[in-house]
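Here the structure comes first, spelled out in structure tokens, and everything after it is commentary.
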2 protein chains.
Amino acid sequence: MLEARLNEAATLKRLLDAIKELVTDANFECNEEGLTLQAMDNSHVALVAVKLKASGFKRYRCDRPIPLGVNIASFTKVLKCAKDDDVCILKANDDADVLSLTYEARNTDRIAEYEMKLMDIDADTLNIPDTDYDARVTMPSSEFGRIVRDLSLLGESVRIEVSKEGVRFISDGEAANGNVLLRDTQASTRKGGSSSKQEDAEEEDEPEEEEEDEDKPTKKKIKKEKVKKEEGEGKGEEDVEMNGDGEEDDEQEFKPKGEDDEEDEEEESSSKKRKKAPAKNAKPSKKAKKDDDDELPEGVKVEMNAHVNLTFSLKYLVNFSKSSSLSNVVQLMMSNDVPLLVSYEFGQGHIRYYLAPKIGDD
Amino acid sequence: MLEARLNEAATLKRLLDAIKELVTDANFECNEEGLTLQAMDNSHVALVAVKLKASGFKRYRCDRPIPLGVNIASFTKVLKCAKDDDVCILKANDDADVLSLTYEARNTDRIAEYEMKLMDIDADTLNIPDTDYDARVTMPSSEFGRIVRDLSLLGESVRIEVSKEGVRFISDGEAANGNVLLRDTQASTRKGGSSSKQEDAEEEDEPEEEEEDEDKPTKKKIKKEKVKKEEGEGKGEEDVEMNGDGEEDDEQEFKPKGEDDEEDEEEESSSKKRKKAPAKNAKPSKKAKKDDDDELPEGVKVEMNAHVNLTFSLKYLVNFSKSSSLSNVVQLMMSNDVPLLVSYEFGQGHIRYYLAPKIGDD
DNA sequence: GCTCGGGACA
DNA sequence: TGTCCCGAGC
């Protein structure tokens, strides 16, 4: 049985708002670690992976794994009946065909109970590969949203280029072309140096690595810092295949580049990182500006060990950017010819999107 | 001739917004007491009764009764030409076929005059029965709106149950069921079971009556406190018949339960009330929280002398709830098998809706 | 605070 | 399908 008490229904509401246009039905998988959801979008171009960690709940109990097959539209409706600051309690029995939601107003004068029907959904548990990326861009989620919305006015797709000068978003449209360049705000402040592992620690000594990279292009550094994704662990029944747009069959399949190489060897440094990383973006909402350096409020961080040049459909990126309500910060992880990972980390978990690049440069 | 000067055009604008989807044409009846409008909705399921008291106008003069037959859509258009804080002057001659509206900006720099054509409308002056209700729920109008809008996402109708635990709104839908429970916020604070009396009493001196009720469940108490509706007085040419939904002919007809009984006997106590009651909810807009007890800002009051269990079409309730712009507080008056009365009192008058319950429990 | 876009309702 | 209302962005 599942029983989870979420302090603010708003988290769930925003999550569903973020995915409702991408996914129609999906399983929320509950286990002792929390809730996860993985689904391809309806046209199989994008993949969305959500995690709500058990620790993100005020109270969480799940005796054994339960798949909750929900219709996203229904779930969205039911969640709309919650006020943002309601306490939200989710309950389901092991064999449940309904999910029970209770919303308690802060003053407890109002208690609302809903029961949503569940459905059996073919558990295409997707195996999301753990990829090492050649470039990672960390920026305010609002800025990312702004850029893709702006560029989507001009054209259908955006080319994202990461070079030592920073990250550049380029759109060619009928009537106008545009490009937006973001420099690494820290690199400019601080020169020299080998930054890598400290990045969380302080964005303060990071500049160096970039320089190193320049000198000896190795993948080492970013690998060390890579964010590992474990959602698919142990379930990889089915590898994900993303058909970029339905028109282009030669778009990138969703396969890891170097699937397991160096995995273990990196484990230690990355695990160290991993511990800190969640904490980094752990304050999703209001703390915003002038927080610790960790969140690099307002800042842009560009990490790269190889130039990256990829083209994506703006429609999807605009859609992804709806998640900015969940986190002030977004990370874009890219390698040439593999799907882009757009990741929003927030206090209770994360939401990640994978989007296959367009191949034809169109 | 009619000449009425309203301090804020906003009142009229909101009133028309509140009814424009329910009614297409109706007579505004003007007499020395003020303006009233009564109309069935187009499908004869709901009835709306509006009153603008003469005393609510900055200046009011009406020599003799005049029916102003207006097309609601036209009236709405004309009123849209007024700014919310314009002074609005209505004028009509006794035999008028036009209604003249003048909007004066606060600074009198702008004066706009409109003349709207009137029409002859069959004066189906409706006889609204004066009913004693078994339950009365007083709550923030915004909350009422929220609840019916929420539940309308799930299903077509709502069952409203008033019991000693409070009032419960229950909806069964295809994809999900939901119910919202509101407790009497004063009952918990103040014990004595009968929360009621204090409500007004505090303000006036009526508390005792409610307690009595508790002890000996009689209908007296609410009767005493009942809000009387006199709009139909002296005109009852035609009794109203509401066909619940057009599908169900066996829905409640709009007939008073005990049509005239006790009318006079109640008159005195109710008239006392009546004088005070208007003052109670007389501050429609911003005073909100922390006003007198009268408005019970944010509070929910549930008064009952018999359990009530009724089902209504959410579509109509959602429509009624548009009147929340007119008052922060709404009252629901219910008895089993008789139409629900939804009442918004504001400084200048009131708007009341009557809705026949669904009988089949569907 | 105003304008634009998206969603819901008529 | 068009209009109105609500929310988000500028």
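In what follows, chains are A, B, ... by sequence order, proteins preceding strands, each numbered from 1.
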query = Which residues pass the side-chain hydrogen bond (donor to acceptor under 3.5 Å, both in side chains) test with A:Tyr353, sequence neighbours left out?
reply = A:Ser323
message = Does D:dC6 have OP1 or OP2 under 4.0 Å away from a side-chain N or O of B:Arg149?
response = no
ask   = Under 4.0 Å between a Lys/Arg side-chain N and an Asp/Glu carboxylate O for B:Asp17 and B:Lys13?
value = no
ask   = Do B:Gln331 and B:Thr138 have side-chain atoms, one donor and one acceptor, less than 3.5 Å apart?
value = yes
key: Atom-pair distance (CG on B:Asp17; P on D:dC5), nearest Å   = 7 Å
inquiry  = Tell me the closest heavy-atom pair linking B:Pro140 and B:Val300, and the distance in Å.
reply    = CD-CG2, 4.3 Å
ask   = Would one find more than 12 heavy atoms of other residues, nucleotides or ligands at under 6.0 Å from atom NZ of A:Lys20?
value = yes
Listing time: all N or O pairs from protein to nucleotides 5-10 of chain C that are below 3.5 Å?
residue, atom, partner, partner atom, Å
C:dG7, OP1, A:Glu21, OE2, 3.1

